[in-house]
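These notes are about the structure you will find just below.
For this chain, numbers begin at 1 and follow the sequence in order.
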Amino acid sequence: MPAQGRKNVHGKTGVRFKAAYTKSKYENMLRNVVTDLILRGSVKVTKATSVDVVKEAARLVTLTKKEDVMNAKRAAAAYVRNVSNDQGVKALDVLFNEIGPKMKDRQGGYTRTLRLENRRGDNAPVVLVAWVD
């Protein structure tokens, strides 16, 4: 007699607990959020996610300050998504042509986080991550 549970499972009775959010999904979400931060200038995320977003954004801005521009662009292109903003400018070009020169004299602290209201539904704390002017 076949199992009556889910169809995409292992064993007679199926899998009881399915891993919902894996590390690869989380890393891909971070890539998307950091790319949105580069294109839009600010992004609303949960407080826990903002810690990793700020860290990755700082790493990318540090890459724009390197002397070897081609190698830095390759390293940044491996992380940043290949998408454009409303004017058709790619995220990598915005990072190296606009954000990098603005942050050239700063020694860190490229972003700021502003506390917003809690998210409706699960009451998670939401923050606004934006570039420092």
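Residues passing the salt bridge (charged side-chain N to carboxylate O under 4.0 Å, His left out) test with Arg40, sequence neighbours excluded: Asp36. By the salt bridge (charged side-chain N to carboxylate O under 4.0 Å, His left out) test, Lys23 pairs with Glu27, sequence neighbours left out.
Surrounding NZ of Lys65 are more than 12 heavy atoms belonging to other residues, nucleotides or ligands, all under 6.0 Å away. Applying the 6.0 Å contact sphere to CG of Asp68 captures more than 12 heavy atoms from other residues, nucleotides or ligands.
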Acceptor/donor pairs from residues 123-133 side chains to any protein atom, 3.5 angstrom cut, sequence neighbours excluded:
residue	atom	partner	partner atom	Å
Asn123	OD1	Asn118	ND2	3.1
Trp131	NE1	Leu37	O	3.1

Taking only distance into account, with no hydrogens and no angle test, what donor-acceptor pairs under 3.5 Å do side-chain atoms of residues 93-102 form with protein atoms, sequence neighbours excluded?
residue	atom	partner	partner atom	Å
Asn97	ND2	Asp93	O	3.3

Identify every side-chain donor-acceptor pair in residues 81-90 under 3.5 Å, counting partners at least two apart or on other chains, and give the distances.
residue	atom	partner	partner atom	Å
Arg81	NE	Asn32	OD1	2.9
Arg81	NH2	Asn28	OD1	3.1
Asn82	OD1	Lys90	NZ	3.4
Asn85	OD1	Gln87	N	3.2
Asn85	OD1	Gly88	N	3.2
Asn85	OD1	Val89	N	2.9
Asn85	ND2	Gln87	OE1	3.4

Listed pairs under 3.5 Å, donor-acceptor, residues 55-64 side chains, sequence neighbours left out:
residue	atom	partner	partner atom	Å
Glu56	OE1	Arg59	NE	3.0
Glu56	OE1	Arg59	NH2	3.2
Thr62	OG1	Ala58	O	2.7
Thr64	OG1	Val61	O	2.5

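Going from atom NZ of Lys66 over to atom CG of Asn71 covers 9.0 Å, rounded to the nearest 0.5 Å. Atom-to-atom distance recorded for Met29:CE and Ser24:OG is 11.5 Å, nearest 0.5 angstrom.
Tracing side-chain contacts under 4.5 Å through hydrophobic residues (I, L, V, M, F, W, Y), one never reaches Leu114 starting from Tyr110; they form parts of separate clusters. One hydrophobic cluster, built from ILVMFWY side chains closer than 4.5 Å, holds both Tyr26 and Val45.
What you find for Leu92 and Ala76 is that their closest heavy atoms are CD1-CB, 3.7 Å.
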